[in-house]
Amino acid sequence: MSGDLRGAGEFRLIDEIGARVGPPHAGVLLGIGDDAAVLAPSPHPTVVTCDTMVEGVHFRFDLTPPRLLGRKLLAVNLSDVAAMGARPTTALLMVSLRPDLPRDAWDGVRDGLLELAAEHGVALVGGDTTRTDGPVVLSVVLHGEARHPPLLRSGARVGDRVCVTGTVGDSAAGLRVLLDRPDLRGAHPEVVRRHLDPTPRIAAGAAAARGLASAAIDLSDGLVQDAGHVARLSGVALRIELGRVPASDALRAVIAALAPPDPLVLRVAGGEDYELLLTIPPDRDIPATLGGVPLTVVGEVVDGPPGEVTLVAPDGAALALQRKGWDHF
Ligand code: ADP
Ligand code: MG
C-alpha cells in the first residue's frame, strides 16, 4: 500500500496487526481483540520489562529501514529478558504514530517486530494504537518465564571473573559510520548490521542462569557504564582489562578507516551492543561459548569503592574515558 496513515483507521491498523500474529501460543488464553488479553498461569516466575524508542532520540527513519526498526524494538526488550536468564513469552506493543508517516514505514515496523517475535516464539497479545502530532513513539512490554532463579545485577562477589558474550563496540562503530561516514556504509556492512539489527542473547542468558553466573546485565548503554551498574548494586568494584575486551575484525577495520578521535569510547563505551556481561564465581569453569556465542573473560570483581569500574591498559595503567556511556539527561 502507498500513501501515509491519514485515513488508515485505528481499527483497521489493529486488525492488520491481529491478522499477522503467529499461531496460537500455549500460554495465551485470549490474544488481540478484546479489552484485555488473558494469559495462562505459568509454573515459573514471570519477568516483565519494557523499552521505548522515540523518533529523533533512538532512531531516524532516514537511517533505519523500518523492518529493522521493528526488529530492534523487540530485540532490546528480548535482551533485557536474556539478562535475567529468562525465556521470552508474550508481548504488548504500544505505538503513537503521526498521520504523515508513510504507510510503508509503519507496515515495515509492524512486520519486522512480528518477524522477530516469531523467531523467538513470542506471542503479541495486545497493545495500544494512538495518533501523535509529535515524533513517533514505539514501546514494547515483554514477559518472560524464569525457569531458573533470575540473574540479578546485585549478585557479583569479589573474586568472580567478569565475562562478556560476543564482541563489544560494533554497534557504536556502525552508528558512527551511519552518522559521520555514510559513504563507507557499503565497506563496513557488518558493524552497520550490528547497530540496526542486534541479536539478543537469549540462549546465553538462559545457560548462564543454569548455575553458572552470579550476576548479569545486558550491554545497552556501554560496557563500562553497564559494568558500573553491576558494581554499584553488588557493592563491589570491577577491574576490566582493555586488552581482553573482545573486538571484532570489523570494528578494528572501522577504527582504522575512520581514525576517530575517541577509539577507546567506541571500544568500551559506545552502547547498544546487546551482549551480556556476566560475573562467574571462581569455582566454576568458564565455557568457551555460551548459547552458541563466544564467552570472554575481560576482568575481575575486586574489593574497592562500591560501583567503581577501573579500565586498565595492557601495561597495567588505569585509563580514563571521555565518556563512560550513554545517558539521556
Ligand atoms: P480499548 O479502547 O478497550 O483499550 P483498543 O481499541 O485500544 O481497546 O484495542 C483493541 C484491541 O487491540 C485490544 O485487544 C488491544 O490490546 C489490541 N491492540 C491495540 N493496539 C495494538 C497494537 N499496537 N498492537 C497489538 N495489539 C493492539
Ligand atoms: Mg486501548
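Just the heavy atoms: all of them, side chains too, but no hydrogens, waters or symmetry mates, feed the values below. The first residue of the sequence shown is numbered 1, and numbering continues consecutively from there.
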Sub-3.5 Å donor-acceptor pair from the side chain of Ser79 to the main-chain atoms of Ala75, do we have one? no

Are Leu93 and Leu114 connected in the hydrophobic side-chain network, where two residues link if heavy atoms are under 4.5 Å apart? yes

Would you say Leu321 and Val162 are hydrophobically clustered, going by side-chain heavy atoms of ILVMFWY under 4.5 Å? yes

So which heavy atom on Arg87 is nearest to which on Val81, and how close? C-CG1, 4.0 Å

hydrophobic_cluster_shared for Met84 and Val122, side chain cutoff 4.5 Å: yes

Is any side-chain N of the basic residue among Glu272 and Arg176 closer than 4.0 Å to the acidic one's carboxylate O? no

Rounding to 0.5 Å, atoms CG (Asp51) and CG (Leu138) come to a distance of 12.0 Å

Side chain to side chain contact (heavy atoms under 4.5 Å, CB included) evaluation trace for Val136 with Val54: CA-CA 6 Å; Val136 169; Val54 180; over 6 Å; no

Check against side chain to side chain contact (heavy atoms under 4.5 Å, CB included), Asp226 and Ser220: CA-CA 7 Å; Asp226 289 324; Ser220 54; 4.2 Å; yes

Sub-3.5 Å donor-acceptor pair from the side chain of Arg161 to the main-chain atoms of Ile280, do we have one? yes

Are Glu145 and Thr89 close enough that a side-chain donor and a side-chain acceptor fall under 3.5 Å? no

Interatomic spacing from CG in Leu277 to OG1 in Thr165 - rounded to 0.5 Å: 8.5 Å

Would you list the pairs meeting salt bridge (Lys or Arg N to Asp or Glu O under 4.0 Å) in which at least one residue belongs to residues 280-292, sequence neighbours left out? none

Tell me, yes or no, whether the heavy-atom count around Arg239 atom CZ, taken from other residues, nucleotides or ligands under 6.0 Å, exceeds 12. no

Is any side-chain heavy atom of Val268 closer than 4.5 Å to one of Ile240? no

Indicate yes or no: at least one non-hydrogen side-chain atom of Ile286 is less than 4.5 angstrom from one of Cys163. yes

Can you find a pair of side-chain heavy atoms, one from Val312 and one from Leu242, that are under 4.5 Å apart? no

Thinking salt bridges, do Lys72 and Asp197 make one under a 4.0 Å N-O criterion? no

For a 4.5 angstrom cut-off between non-hydrogen side-chain atoms, does Val95 reach Thr130? no

Side chain of Ser234, backbone of Val236: donor and acceptor closer than 3.5 Å? no

Tabulate below the donor-acceptor pairs under 3.5 Å that side-chain atoms of residues 295-305 make, not counting sequence neighbours, or state none.
none

State whether Arg12 and Glu10 are salt-bridged, where the test is any N-O pair (Lys NZ or Arg NE/NH1/NH2 against Asp/Glu carboxylate O) under 4.0 Å. no

Going through the checks in order, is the side chain to side chain contact (heavy atoms under 4.5 Å, CB included) test met by Tyr274 and Thr199? CA-CA 7 Å; Tyr274 299 107; Thr199 306; over 6 Å; no

For the pair Met94 and Val140, evaluate side chain to side chain contact (heavy atoms under 4.5 Å, CB included) and give the outcome as yes or no after the intermediate values. CA-CA 6 Å; Met94 283 61 61; Val140 160; 5.8 Å; no

Separation between OG1 of Thr49 and CG of Asp80, rounded to the nearest 0.5 Å: 4.0 Å

Looking only at heavy atoms, the pair that brings Ala86 and Gly144 closest together is CB-C, 4.5 Å

Linking I/L/V/M/F/W/Y whenever their side-chain heavy atoms sit closer than 4.5 Å, directly or via other members, would Met53 and Leu142 fall into one cluster? yes

For the student: nearest non-hydrogen atoms of Leu238 and Ala231, plus distance: CD1-CB, 4.1 Å

Can you pull the side chain to side chain donor-acceptor pair (under 3.5 Å) pairs that have at least one residue in residues 202-214, sequence neighbours excluded? Asp160-Ser214, Ser214-Thr279

Nearest 0.5 Å, please: how far is CG in Leu13 from OG1 in Thr129? 6.5 Å

Taking only distance into account, with no hydrogens and no angle test, what donor-acceptor pairs under 3.5 Å do side-chain atoms of residues 313-320 form with protein atoms, sequence neighbours excluded?
{"unit_1": "Asp315", "atom_1": "OD1", "unit_2": "Ala317", "atom_2": "N", "d": "2.9"}

For the residue pair Thr132 / Ser96, report whether a side-chain donor-acceptor contact shorter than 3.5 Å exists. no

Residues passing the salt bridge (Lys or Arg N to Asp or Glu O under 4.0 Å) test with Arg153, sequence neighbours excluded, are none

Gap between atom CZ of Arg267 and atom CG of Leu311 - 0.5 Å precision: 9.0 Å

Within residues 120-177 or reaching into it, pairs that qualify as ring-ring contact (aromatic ring centres under 6.0 Å, His included) - sequence neighbours excluded: none

Can you name the closest pair of heavy atoms from Ala215 and Ala156 and give their distance? CB-N, 3.5 Å

So do the side chains of Ile32 and Ile17 get within less than 4.5 Å of each other, counting heavy atoms only? yes

If Ile, Leu, Val, Met, Phe, Trp and Tyr residues are connected whenever their side-chain heavy atoms lie under 4.5 Å apart, and connections chain through other members, are Ile217 and Leu78 in the same group? no

Decide yes or no on salt bridge (charged side-chain N to carboxylate O under 4.0 Å, His left out) for Glu16 and Arg103, but give the supporting numbers first. CA-CA 12 Å; Glu16 288 171 359; Arg103 241 289 161 182; 3.0 Å; yes

Minimum heavy-atom separation for Leu196 and Pro65, please, with both atom names. CD1-CD, 3.9 Å

Without hydrogens or angle criteria, can the side chains of Asp170 and Ser248 be said to hold a donor-acceptor pair below 3.5 Å? yes

Salt-bridge test for Arg20 and Glu115: reply yes if a basic N is under 4.0 Å from a carboxylate O, no otherwise. no

Does any non-hydrogen side-chain atom of Leu290 lie less than 4.5 Å from one of Leu212? yes

Donor-acceptor contact below 3.5 Å, side chain Asp34 vs main chain Leu30: no

Arg60/Glu55 salt bridge by N-O under 4.0 Å criterion: no

For Leu278 and Ala216, work out which heavy atoms get closest and say how close. CD2-CB, 3.5 Å

If you round to the nearest 0.5 Å, how far is CG of Leu233 from OG of Ser154? 6.5 Å

Is there a donor-acceptor contact under 3.5 Å from the side chain of Asp4 to the main chain of Arg6? yes

Got Phe59 and Leu68 here, is their nearest side-chain heavy-atom distance under 4.5 Å? no

Can you find a heavy atom in the side chain of Val137 that is under 4.5 Å from one in the side chain of Thr52? yes

